[in-house]
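Please read the structure below before turning to the comments.
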Amino acid sequence: MAQINVIGQNGGRTIDLDLPEVNVNILHDVVTWQLASRRRGTASTKTRAQVSATGKKMYGQKGTGNARHGDRGVPTFVGGGTAFGPKPRSYEYTLPRKVRQLGLAMALADRQETGKLMAVDGFNLDGKTKSFVSWAAQNGLDGTERVLLVTDDMQARQGARNVPWATVMPVAGLNAYDILRHDRLIIDAVALEPAQEEMEEGVAE
């Protein structure tokens, strides 16, 4: 059972979460799935039928001493078509919902185990970058770590969006990949409490 201390204007309490043991293979599967979904898949090459080249036979079949060739659009010539080259496609594939949820929970567990998870209830900021930097310094953030700020507090997000070492996103955008590629996670406490309530309801049933 992981105990997460809540800081902030309305902090001073503890959230108990039953986080899973970190499994590198599952995290790899979830991150790979996320990155595959983000791929644009716009790479495209021309086949020999699409290049701008004549289809006329280059020279006679016999008697020239050269190799036998047809048109100049074949892949063996510079400027010719590409054989089996990429065409626009989607790289997306499905991953079971429970696996995706487990991957996110493991990413949270990894940050909690290393002491890099910070739950906040009430930032009490005015939306200015200077105010956020001051708040960060008071809470042990000096810019040496890459920070992911996940909050629905518009003032906090506005104050942090110009800080070079911070990435901001709403709670709805929380995902395993962004958690793992940052050194520290700062998240709204309310985003973790629903998970605690669901766990307690499951025990009661």
Side-chain angles (χ1 to χ4, degrees), residues 19-111 114 116-117 129 143 145-152 154 157-158 160-188 191 195:
L19 295 174
E21 183 179 352
V22 178
N23 185 312
V24 177
N25 294 324
I26 292 179
L27 286 176
H28 178 270
D29 289 343
V30 173
V31 169
T32 302
W33 165 76
Q34 274 191 244
L35 295 181
S37 300
R38 296 185 183 187
R39 293 186 68 173
R40 296 180 63 187
T42 56
S44 181
T45 55
K46 291 183 178 181
T47 65
R48 61 181 294 181
Q50 295 171 318
V51 295
S52 179
T54 179
K56 183 177 182 298
K57 188 170 175 62
M58 297 170 59
Y59 43 74
Q61 179 81 349
K62 294 180 177 294
T64 65
N66 297 309
R68 298 169 290 183
H69 288 299
D71 63 81
R72 284 193 175 273
V74 296
T76 52
F77 288 114
V78 174
T82 301
F84 310 112
K87 287 293 184 182
R89 53 164 287 194
S90 172
Y91 288 89
E92 293 185 21
Y93 60 92
T94 58
L95 195 66
R97 181 174 59 87
K98 289 186 177 180
V99 176
R100 302 197 303 264
Q101 293 175 338
L102 186 59
L104 177 58
M106 287 182 178
L108 291 172
D110 181 73
R111 289 296 172 263
T114 55
K116 302 296 184 179
L117 174 61
T129 302
E145 295 178 311
R146 296 186 63 193
V147 175
L148 176 63
L149 176 63
V150 182
T151 177
D152 288 332
M154 293 299 297
R157 279 161 50 186
Q158 184 176 345
R161 65 185 181 183
N162 288 329
V163 178
W165 43 267
T167 302
V168 299
M169 67 172 55
V171 172
L174 183 64
N175 62 87
Y177 172 66
D178 283 315
I179 292 176
L180 295 175
R181 74 187 186 95
H182 289 81
D183 301 312
R184 185 178 291 270
L185 171 64
I186 303 175
I187 188 172
D188 282 345

Check whether any side-chain heavy atom of T64 sits under 4.5 Å from a side-chain heavy atom of H69, and report yes or no. no
Strictly distance-based, threshold 3.5 Å: is any side-chain N or O of R184 a donor or acceptor partner for the main-chain N or O of R111? no
With distance as the sole test, does K57 use its side chain to make a donor-acceptor pair with the main-chain N or O of D71 at under 3.5 Å? no
So does Y93 get a backbone contact from the side chain of W33, meaning a donor-acceptor N/O pair under 3.5 Å? yes
Decide if atom CZ of R146 counts as having more than 12 heavy atoms of other residues, nucleotides or ligands within a radius under 6.0 Å. yes
Looking at side-chain heavy atoms only, is the closest gap between D178 and T167 below 4.5 Å? no
Side-chain heavy-atom pair V163, V168 within 4.5 angstrom cut-off: no
Tell me whether the count of non-hydrogen atoms from other residues, nucleotides or ligands lying under 6.0 Å of CZ in R72 goes above 12. no
Residue pair L108 / L117: nearest heavy atoms and the distance that separates them: O-CD2, 4.2 Å
Minimum side-chain heavy-atom gap D110-M106 below 4.5 Å: no
Rounded to the nearest 0.5 Å, what separation is found between the CD1 atom of I187 and the CE atom of M169? 10.0 Å
Does R157 come within less than 4.0 Å of D188, counting only side-chain N to carboxylate O? no
More than 12 foreign heavy atoms under 6.0 Å from CZ of R38: is that the case here? yes
Whether the side chain of Y91 engages the backbone of R40 through a donor-acceptor N/O pair (distance < 3.5 Å, no angle test) should be reported. no
Do you know the tightest heavy-atom contact between P75 and A83? CG-CB, 4.0 Å
Should the heavy atoms of other residues, nucleotides or ligands under 6.0 Å from NZ of K46 be counted, would the total exceed 12? no
As a test of understanding, state which of V31, T32, L104 forms a side-chain contact (heavy atoms from CB on, under 4.5 Å) with Y177. V31
Side-chain heavy-atom pair I179, L148 within 4.5 angstrom cut-off: yes
Main chain of G173, side chain of N175: is a donor-acceptor contact present, judged purely on distance under 3.5 Å? yes
A105 to L19 - nearest heavy-atom pair and separation: O-CD2, 4.1 Å
Near R68 CZ, under 6.0 Å, is it more than 12 heavy atoms from other residues, nucleotides or ligands? no
For G73 and R48, the nearest pair of non-hydrogen atoms, with its separation, is O-CB, 3.1 Å
State, to 0.1 Å, how close L27 and G103 come at their nearest heavy-atom pair, and which atoms those are. CD2-O, 3.4 Å
Rounded to the nearest 0.5 Å, what separation is found between the CD atom of Q50 and the OG1 atom of T82? 9.5 Å
Could you report the tightest heavy-atom contact between V99 and V30, atom names first, then the distance? O-CG2, 3.6 Å
Does F84, at its CZ atom, have more than 12 non-hydrogen atoms belonging to other residues, nucleotides or ligands within less than 6.0 Å? no
